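See below for the structure under consideration.
Numbered from 1 within each chain, the chains take letters A, B, ... in sequence-line order. Atom set for the values below is all heavy atoms of this structure, side chains included, hydrogens, waters and symmetry mates excluded. The shown structure was predicted, so the numbers you read here are calculated from the model rather than taken from an experiment.
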Number of protein chains: 2
Amino acid sequence: MGKKGIPEIVIERLPRYYRCFRALRGKREKISSHELAAEMHTSASQIRLDLSHFGGFGLQGYGYNVEELHTKLGQILGVDQAQYYVIVGAGRLGRAIANFPVFQEVGFSLAGIFDIDDSVIGQDIGGVRVSHADGLARFLGEHPVRIGIITTPAEAALGVAEIFRAAGVGGILNFAPVDIAPTRQLPVTNIHLTDRLLSLSWRIMHREQEQDVSRKDVCSLQNTTKE
Amino acid sequence: MGKKGIPEIVIERLPRYYRCFRALRGKREKISSHELAAEMHTSASQIRLDLSHFGGFGLQGYGYNVEELHTKLGQILGVDQAQYYVIVGAGRLGRAIANFPVFQEVGFSLAGIFDIDDSVIGQDIGGVRVSHADGLARFLGEHPVRIGIITTPAEAALGVAEIFRAAGVGGILNFAPVDIAPTRQLPVTNIHLTDRLLSLSWRIMHREQEQDVSRKDVCSLQNTTKE
DNA sequence: TAGATTGTTAATCGATTAACAATC
DNA sequence: TAGATTGTTAATCGATTAACAATC
C-alpha cells in the first residue's frame with residue numbers, strides 16, 4: 001500500500017509510536033506487536049494495521065526492529081529534515097513553546113518570534129529576538145518557514161492566519177481560542193486547552209461510567225489487551 | 001435518554017458547542033442546527049444527535065435558544081460550580097497555564113502551584129505563591145482540589161500522578177511527554193504538544209491528499225455541509 | 001393552518017478487532 | 001523443521017449521515 005489514503009486517525013497515532021520506539025532505543029533490539037500493545041495500552045492488531053500503511057517494517061517470527069522503526073517513523077514524520085517555525089504572540093505561552101526542548105530535539109528550529117507590544121520587542125526568547133509583527137509578512141517572504149504557531153489573543157488569530165496563508169507557510173498550529181479553518185493548501189491544528197479542561201471536568205463528574213478497567217489494581221499500568 | 005452511555009467522542013465535542021453558544025450570546029436569540037453546522041463546519045445531523053444525548057434542548061420549528069443552551073451546556077460541563085486546580089511544575093508552561101484568562105472565566109481557580117526548585121519557591125505566579133512539592137500531598141489533604149495539572153519534566157510526571165491518585169484528586173491534565181494511564185477512578189487527559197506538531201508536519205508534507213474542500217475560495221470559512 | 005425544524009430511527013460509512021495464510 | 005509473528009483480508013463494532021414522523 002502506498003502513502004495514499006491513510007486515514008487521518010492513523011496519522012494522529014503515528015507520533016505516539018515514534019515516541020515509544022524512541023524510548024525503547026538502547027533498551028531492546030526488537031519488539032513484537034503484542035509486547036508493544038501491552039506497553040501502549042492498545043491492541044496488537046491496530047499496531048500491525050497502522051504500521052502496514054507505510055510498508056512492511058516488521059519481520060515474521062521476529063517482530064519490529066526498534067532502531068529501524070525509530071528511524072523510519074522519524075523519516076515519515078519529517079523529523080530527519082530541519083524545519084523552521086515562527087511564533088506569533090510573545091506572551092507566556094509563546095515563550096513556553098519557544099523553549100520546548102523536545103521541539104528542538106525533534107529537528108524544529110525557531111526562526112522568528114513576533115508581537116505587537118513594544119515592551120517585549122527586542123527581548124531575547126529562546127535565543128531569538130522578538131520582532132514587531134508588522135514585519136511578519138516580509139520575514140516569511142525571505143525565510144523558508146514550514147510552520148506558523150499562533151499564541152496571540154483570540155482577536156488577532158485570524159489576521160495572523162491570513163498572513164501565514166498569503167505567505168505560503170506550510171501549516172498552522174493554533175493555540176488561540178478560535179477555530180482556524182484548514183484548507184487543502186494549508187493544514188491547521190487547533191489546540192484548545194480549555195476544551196480539554198472542560199471535557200476532563202465532565203469526565204470527573206461522571207467517572208462512574210468510565211472505561212471498565214478491572215479494579216484489581218487501580219493504578220497499575222497493566223495492559224487491557226484481549227487478543 | 002439519560003446520562004449513561006454517552007460516547008466519549010461526543011463529550012470531547014461538547015466544549016466546542018459551549019464555546020460556540022458562548023460566542024453567540026447577545027448576537028442572536030436562537031439558532032437552528034443547520035445554521036450552527038455552517039458556523040462550526042460540521043453537519044446538522046451530528047449537532048442534533050450530540051445534543052439530544054443530554055435532553056431535548058431544541059424546539060421544533062424554532063431551533064435552539066442561545067441563552068438557554070449556553071447555560072445548559074455550562075452546567076453539563078461543570079462550569080457553573082467553582083472548581084479548584086493545582087499546577088505541579090512552575091516552569092514556563094506552568095506559568096503560562098496559571099495565567100490563562102479563559103480558565104478563570106470558566107470557573108476554574110488556581111489553588112496552589114508547586115515545584116522543587118528553591119529559586120522559584122516563594123515567587124508569585126498568577127496570584128499564588130509557589131510552594132515546595134514536598135508539601136503537595138499534605139496540601140491536597142487539606143484542600144478540595146478537583147484537577148491536578150502536571151507541567152513537570154517527563155521524569156517527575158509519574159511520581160506526581162501517583163501523589164494525585166493517592167490524594168483522591170478528581171482528574172489529571174498532563175503536559176509531560178509521558179502517558180499517564182487513566183483508571184476508572186481517575187480520568188486523565190494527556191496533552192502531547194510535540195505529537196500534534198509531528199502529525200501536522202506529516203500533513204504538510206502530504207497536503208495534496210488533504211480533505212477536498214473545493215478550491216473556489218481557498219481561505220473562506222464557507223461551510224462544507226451537504227445535508 | 002402551513003412551514004420550519006427538532007428528536008430519533010434506519011442506512012451508510014469507516015475504524016477496530018479477529019482470524020489466518022504467508023513466511024521468517 | 002517447528003514456532004513465532006507478521007501483513008492482510010473478513011467480521012464486527014461504532015460513529016456519522018440521511019430520512020422522516022412528530023410537533024412547535
Side-chain angles (χ1 to χ4, degrees), chain A residues 1-14 16-17 21 28-66 68-69 72-73 76 199 209 211-212 223-227, chain B residues 1-14 16-17 21 24 28-66 68-69 72-73 199 209 211-212 223-227:
Chain A
M1 203 169 277
K3 287 191 176 177
K4 260 242 137 162
I6 299 171
E8 188 53 37
I9 197 165
V10 174
I11 302 305
E12 294 299 311
R13 279 196 292 260
L14 229 41
R16 189 136 178 272
Y17 293 124
F21 280 106
R28 45 188 307 171
E29 180 212 321
K30 64 190 174 83
I31 191 165
S32 75
S33 57
H34 282 87
E35 291 168 311
L36 189 58
E39 291 263 340
M40 296 180 68
H41 312 277
T42 354
S43 76
S45 282
Q46 184 170 79
I47 291 172
R48 292 204 301 277
L49 195 54
D50 281 358
L51 296 180
S52 78
H53 284 107
F54 303 92
F57 292 159
L59 202 63
Q60 284 97 331
Y62 172 89
Y64 298 91
N65 181 279
V66 171
E68 182 194 346
L69 266 283
K72 288 275 175 64
L73 289 174
I76 289 168
S199 57
Q209 73 255 26
Q211 68 278 51
D212 53 310
N223 76 82
T224 22
T225 315
K226 279 148 262 149
E227 216 197 44
Chain B
M1 204 169 278
K3 285 188 179 180
K4 258 238 139 161
I6 299 170
E8 188 53 36
I9 198 164
V10 174
I11 302 306
E12 294 299 311
R13 278 195 293 261
L14 228 40
R16 190 134 176 272
Y17 294 123
F21 281 106
L24 251 33
R28 44 188 306 171
E29 180 211 322
K30 64 189 175 82
I31 191 165
S32 75
S33 58
H34 283 86
E35 292 168 311
L36 189 58
E39 291 263 339
M40 296 181 68
H41 312 275
T42 355
S43 76
S45 282
Q46 185 169 81
I47 291 173
R48 293 204 300 276
L49 195 54
D50 281 358
L51 295 180
S52 78
H53 284 107
F54 303 92
F57 292 158
L59 204 60
Q60 284 97 329
Y62 171 89
Y64 298 92
N65 181 278
V66 171
E68 183 194 345
L69 265 284
K72 289 275 174 65
L73 289 173
S199 56
Q209 73 254 25
Q211 67 279 53
D212 53 311
N223 76 83
T224 23
T225 316
K226 278 147 261 148
E227 217 199 41

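OP1 and OP2 of D/dT5 both lie 4.0 Å or more from every side-chain N or O belonging to A/Ser33. Taking 4.0 angstrom as the limit, B/Tyr64 places none of its side-chain polar atoms (N or O) nearer than this to OP1 or OP2 of C/dA4. Checking the phosphate oxygens (OP1, OP2) of C/dT16, no side-chain nitrogen or oxygen of A/Ser43 falls inside 4.0 Å.
Residues B/Phe54 and B/Leu14 are in side-chain contact: their nearest non-hydrogen atoms beyond the backbone lie under 4.5 Å apart. Residues A/Val10 and A/Pro7 are in side-chain contact: their nearest non-hydrogen atoms beyond the backbone lie under 4.5 Å apart. In this structure, B/Arg48 and B/Tyr64 have side chains that are in contact, with non-hydrogen atoms separated by less than 4.5 Å. A/Leu69 has its side chain within reach of A/Leu51: a pair of non-hydrogen atoms, C-beta onward, lies under 4.5 Å apart.
Between atom CG of residue B/Asn65 and atom NZ of residue B/Lys72 there is a gap of 9.5 Å, rounded to the nearest 0.5 Å. Rounded to the nearest 0.5 angstrom, B/Arg16 CZ and B/Ile47 CD1 are separated by 9.0 Å.
Atoms CD1 (A/Ile9) and P (D/dA15) sit 10 Å apart, rounded to a whole Å. Here C/dA4 presents its P atom at 12 Å from NE2 of B/His34, a figure rounded to the nearest Å. One atom, CD of A/Glu35, and another, C1' of D/dT6, lie 13 Å apart when rounded to the nearest Å. For B/Asp50 and D/dA18, the CG to P distance is 15 Å, given to the nearest whole Å. Nucleotide C/dA18 holds its P atom 14 Å from the CD1 atom of A/Ile47, rounded to whole Å. Rounding to whole angstrom units, CD of residue A/Glu8 and P of D/dA15 are separated by 18 Å. The nearest whole Å value for the distance from the CZ atom in B/Arg48 to the C1' atom in C/dA4 is 11 Å. Atoms CD (B/Glu29) and C1' (C/dT5) sit 15 Å apart, rounded to a whole Å.
Legend: residues meeting side chain to side chain donor-acceptor pair (under 3.5 Å) with B/Glu12, ordered by chain and number and at least two apart, are A/Arg196, A/Ser199. By the side chain to side chain donor-acceptor pair (under 3.5 Å) test, A/Glu29 pairs with A/Tyr62, sequence neighbours left out. Under the rule for a side chain to side chain donor-acceptor pair (under 3.5 Å), the partners of A/Glu35 that lie at least two apart in sequence or sit in another chain are A/Arg28, A/Ser32. Taking A/Asp50 as the reference, A/Arg13, A/Tyr17 meet the side chain to side chain donor-acceptor pair (under 3.5 Å) condition, with sequence neighbours excluded.
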Contact list (N/O, under 3.5 angstrom) for nucleotides 22-24 of chain C vs protein:
unit_1	atom_1	unit_2	atom_2	d
C/dC24	O2	A/Gln60	O	3.4

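Sorted by first and then second residue, the salt bridge (charged side-chain N to carboxylate O under 4.0 Å, His left out) pairs with a member in residues 55-66 of chain A form an empty list; sequence neighbours excluded.
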Could you write nucleotides 9-14 of chain C as a row of B, S and -, 5' to 3', where a protein heavy atom under 4.0 Å of any base atom gives B, of only sugar-phosphate atoms gives S, and otherwise -? B-----

Structure string for DNA chain C in dot-bracket form, Watson-Crick and G-U at under 3.5 Å, | interchain: ..||||||||||||||||||||||

